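This is the structure I want to talk about, given as structure tokens.
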Amino acid sequence: MSLPLMPAAVTSLLPWPIYLQGLWLSGALAIACFSAAMLLALRWPVLSRPLGGLDRAYRIHRRLALWGTGLAWLHYGLRLAVKSARRAGLIVKPEGFPSQALDLFDAWHHSAKEWAEWALFIALGLVLLALWRRVPYRLFARLHRLMPLVYLAWVYHALVFMPAAWWRAPMGVLLALLMLAGAAAALLSLAGLIGRRRRVAATVNGLRDRGDGVLELSLDVPAGWPGHRSGQFALLCLDAREGAHPFTIASAWAPRPDGGGELRFGIKALGDFTRGLARRIAAGDAAWVEGPYGLFVFDDRRPRQIWIGAGIGMTPFLARMRALAQQGGTRQPVSLYYCTATLEPNWLEDFLSLAHAAGVELHVVRSAWGQRLDAVQLMREQPDWRHAGIWFCGPARFGESLKAELVHAGLDPQDFHQEAFEFR
């Protein structure tokens, strides 16, 4: 990255020019990270598909926001440190040193500094709330709507103080275009337009308690639903005050003659919203669904597949087995490992019947019986594991541990597919 040079007359007055270069660079990187994060928040397939799907795009979105906040604090901390050093006489600002920003924005310097400072503290609070898992998702989602305002305040600050020389340099033009696109994304977010075109109304058909802490919810969707592939997820809103939550679709798509159909979701009681869901909704209630999203769709070129579903992570495999059962069974050998604490007899009977209809070899691993699945067991029971596509959905650490061991033993990392299903 090429930064504008200081005037020759002051290049010897270090460390002031070095301070300015650090200030500009940290600010540019911060606003670039946040601009990219705002664009990924649009949920546009054209942006998320190259990154591996919306789940992975949101993971990158979250990391970019964290990096952007950290760099913004570095930018602010550097400015405070130099002000303290100047008061102590450790750094001297050259007399008559001209402002490097455009003269056009001189009148806006005070407000740009003040707005950016307030936005910085709000951003820190929002990041801490996002990382504190005890904060209800409903509160997190509502407060997260302030982020576009934070970003717009930083854009204002960046435009006012961007060095004049940058406006004529490729890097400055690129940064300005990135901020323009990010600002457009922020305005779309504030207007509530993100994802609106991919949203359809739905009606609750019924609910069924599977007996393993999972509520199976059935929805009727009209002809506007574009259909989905097994393994994809959708944003589901059952209460306008609560907002939308992401859930993997547990059913295969079988449209009716009118173009509508049924969607099923497996919802585990993990938080304040999902724990009381069965008491708050009933057949006939209105809802909306947005999607489908995600690329955990079982596409690979391997001669066989090994599936590993842990807990509620079994949902995409249920959808895939239902799709395979509709097609008369799989033509690609598939072994499924279902890792669970307990399994109700009635649910197990349905599960075995579905696996048989799909042509899937089933292995149930029950932690309540002291059973644990690890890479050693998998390699022992599946001798051709090196030639298989391995699809994992479950706790992130479990999946990362399995992948590390299998890759160390010789698996191609591209053959291990793991859903990155975290939205906060």
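Just so you know, these numbers come straight off a predicted model, no measurement behind them. Residue numbers start at 1 and run along the sequence shown.
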Next item on the list: Take atom CZ of R63 as the centre, draw a 6.0 Å sphere, and report whether it contains more than 12 heavy atoms from other residues, nucleotides or ligands.
Entry: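 Result for CZ/R63: open.
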Item checked: Non-neighbouring partners of Y337 that pass side chain to side chain donor-acceptor pair (under 3.5 Å), sequence neighbours left out ->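 Once residues adjacent in sequence are excluded, the partners of Y337 under the side chain to side chain donor-acceptor pair (under 3.5 Å) criterion are E381, Q382.
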Checklist line | side chain to side chain donor-acceptor pair (under 3.5 Å) partners of H245, counting only residues at least two apart | finding: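 For H245 the side chain to side chain donor-acceptor pair (under 3.5 Å) partners, ignoring immediate neighbours, are E242.
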Margin query: Can you list everything that forms a side chain to side chain donor-acceptor pair (under 3.5 Å) with H61? Sequence neighbours excluded, please.
Written below: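 Result, side chain to side chain donor-acceptor pair (under 3.5 Å) vs H61: none returned.
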Item checked: Set of side-chain contact (heavy atoms from CB on, under 4.5 Å) partners for L47, sequence neighbours left out ->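 With sequence neighbours excluded, L47 shows a side-chain contact (heavy atoms from CB on, under 4.5 Å) to L39, L40, W44, given in chain and number order.
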Item checked: Residues forming a salt bridge (Lys or Arg N to Asp or Glu O under 4.0 Å) with D412, sequence neighbours excluded ->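 Partners of D412 under the salt bridge (Lys or Arg N to Asp or Glu O under 4.0 Å) test: none.
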Note to self: Nearest 0.5 Å, please: how far is CG in L219 from CG in L238?
What the structure shows: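 Going from CG on L238 over to CG on L219, the span is 6.5 Å.
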Notebook entry, point to check: Can you list the residues that meet the ring-ring contact (aromatic ring centres under 6.0 Å, His included) rule with W115, with sequence neighbours excluded?
Noted result: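 With neighbours one apart ignored, the set is Y156.
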Next item on the list: Report the distance from atom CG of L131 to atom CZ of R62, rounding to the nearest 0.5 Å.
Entry: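 Answer rounded to 0.5 Å: 9.0 Å.
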Checklist line | salt bridge (Lys or Arg N to Asp or Glu O under 4.0 Å) partners for R264, two or more places apart | finding: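 Partners of R264 by the salt bridge (Lys or Arg N to Asp or Glu O under 4.0 Å) criterion, ordered by chain and then number, come out as E216, E262.
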Checklist line | With sequence neighbours excluded, residues passing salt bridge (Lys or Arg N to Asp or Glu O under 4.0 Å) with R56 | finding: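 Result, salt bridge (Lys or Arg N to Asp or Glu O under 4.0 Å) vs R56: none returned.
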Could you list the donor-acceptor pairs under 3.5 angstrom formed between side-chain atoms of residues 188-197 and any protein atom two or more places apart in sequence or on another chain?
| unit_1 | atom_1 | unit_2 | atom_2 | d |
| --- | --- | --- | --- | --- |
| R196 | NH2 | G192 | O | 2.9 |

Margin query: Going by salt bridge (Lys or Arg N to Asp or Glu O under 4.0 Å), name the residues that satisfy it together with R241, two or more places apart in sequence or in a different chain.
Written below: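 Testing R241 for salt bridge (Lys or Arg N to Asp or Glu O under 4.0 Å), a comparison that skips the adjacent residues, returns D239.
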Next item on the list: List for me each residue that meets side-chain contact (heavy atoms from CB on, under 4.5 Å) alongside Q305, sequence neighbours excluded, and say none if there are none.
Entry: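 Q305: side-chain contact (heavy atoms from CB on, under 4.5 Å) contacts with F298, D300, W307, Q332, V334, W391.
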Margin query: Nearest 0.5 angstrom please: F416 CZ to E405 CD, how far?
Written below: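 Rounded to the nearest 0.5 Å, the CZ-CD separation comes out at 10.0 Å.
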Margin query: List the residues meeting side-chain contact (heavy atoms from CB on, under 4.5 Å) with A409, not counting sequence neighbours, and say none if there are none.
Written below: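 Here the qualifying residues are M379, W385.
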Next item on the list: Can you measure from CG (L64) to CZ (F34) and round to the nearest 0.5 angstrom?
Entry: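 Rounded to the nearest 0.5 Å, the CG-CZ separation comes to 9.5 Å.
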